[in-house]
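Residue numbering restarts at 1 for every chain, and letters A, B, ... go by the order of the sequence lines.
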Amino acid sequence: AVTPLSPQQILSSVESQAPSPAGPSGCGPVPVPMSPCPHVPTAPSPAGPSACDDSKTNLIVNYLPQSMSQEELRSLFGSLGDIESCKLVRDKVTGQSLGYGFVNYVEAGDADRAIGALNGLKLQTKTIKVSYARPSSASIRDANLYVSGLPRAMGQQEMEQLFSQYGRIITSRILVDQVTGVSRGVGFIRFDKRVEAEEAVRGLHGQKPLGAAEPITVKFANTPGQKSGGALLSLCPGARRYGTLHPPPQRFRLDNLLNVAYGVKRFSPLAIEAVPALAGVGLGTPGAGWCIFVYNLAPEADESVLWQLFGPFGAVTNVKVIRDFATNKCKGFGFVTMTNYEEAAVAIASLNGYRLGERVLQVSFKTTKQHKA
DNA sequence: TCGGATT
């Protein structure tokens, strides 16, 4: 039972925020699936060409803060006019906000004013995007592509230029390293139409961009919500069978940090997002985190070892054992991604030099890929 | 002895 914030409360909370850490696209790091408008007449519409035309009243709102509820969305947009319907899109399984929603006004003029008034509004750590929703249609579904192997020097504009020959691009993004801002060589392209995306896969998958050393891969993106498996294991890292290992006596906790630094009385997602230094490190920020290199794993080592070693130190979002392709044996190293810097640092300090059977682990933050001399 | 990557 959360009391919805009034628009004034939401807006006033904006004033105390630091500027949004916008990426190259000028937008926050939330997932931005563009989905068809959920406002679809279920009954045959009455005669008349404009009877079911929402194109001038129905808005899609992207980059909503994770914590914003449908009621808050309605409250914010309701301040600009009467709302016919309002829908925050949530994950089917978890009920978590997917960070976007739809607002359908009664009057087209209000929708137009809402774009002018609310597009670009900073809410907590996000900069919301307000635009007309495209009509719901099967042809715009599954039009989102995942691209990897991009040259590090390629920017968003350049990537769009490469793909735009296949159709109208709705959104694009290149993922960047959270510290250096350097491209991670992977990105997303959403086309207006699925057939355009299909053509782009046919035309660009395995191709080398002009001047590039490596070919890119182009495939349909995973639907948001499917995470890399095993995350739940980190919640029950009970195993101690690798010897005496002492998890940090003093766990670093977000709520403690907040209490100390900001005098916040209790833990809440809203409070996390209100703290600039912690922005984007909460739950639901896939792809972010601190990557840790683990060396001297046994050939038989598997992912569960890494979960068990690192889980006690805090939030682990991903683990990976690197294996030889032919033998499927571990090549002696692996990677662990942890959400919080402090927890990662404690894990490294605790596990570097840790004896695992006959082996002594070397654990450090991952370095940048070394290139040959 | 530092991958592949999924907003």
Can you tell me the distance, in whole Å, between the CZ atom of A:F365 and the C1' atom of B:dC2? 14 Å
Taking the side chain of A:R184 as heavy atoms from C-beta outward, which of B:dC2, B:dT7, B:dT6 is closest to it? B:dT6
Against the side chain of A:C291, the closest entry in B:dA5, B:dG3, B:dT7 is B:dG3
Which of the following nucleotides, B:dA5, B:dC2, B:dT7, is nearest to the side chain of A:F188? B:dT7
Under the 3.5 angstrom rule, does the side chain of A:N340 hit a backbone N or O of A:E342 as a donor-acceptor pair? no
Distance, rounded to the nearest Å, where A:I292 contributes CD1 and B:dG3 contributes P: 16 Å
Between P of B:dT7 and NZ of A:K219, the distance in whole Å: 13 Å
Separation of atom CZ in A:R190 from atom C1' in B:dT6, rounded to whole Å: 12 Å
Starting at atom CZ of A:R323, determine the distance to atom P of B:dG4, rounded to an integer number of angstrom. 13 Å
Considering every strand and a 4.0 Å limit on heavy-atom distances, what is the contact class for A:F333: base, sugar-phosphate, or nothing? sugar-phosphate
Please report whether the ring centroid of A:Y146 lies less than 6.0 Å from that of A:F220. no
Please report the distance, rounded to the nearest Å, between CG in A:L150 and P in B:dT6. 14 Å
Between A:N296 and A:Q362: side-chain donor-acceptor atoms closer than 3.5 Å: no
Out of B:dG3, B:dT7, B:dA5, whichever nucleotide has its closest atom nearest the side chain of A:L175: B:dT7
Which nucleotide, B:dT6, B:dG3, B:dA5, lies nearest any side-chain atom of A:F335? B:dG3
Applying side chain to side chain contact (heavy atoms under 4.5 Å, CB included), name anything that partners A:A345, two or more places apart in sequence or on another chain. A:Y341
Between B:dG4 (C1') and A:I322 (CD1): distance, integer Å: 8 Å
Could you state the CG-P distance from A:L361 to B:dT1, rounded to the nearest angstrom? 16 Å
Partner residues of A:D112 under the side chain to side chain contact (heavy atoms under 4.5 Å, CB included) criterion, sequence neighbours left out: A:Y132
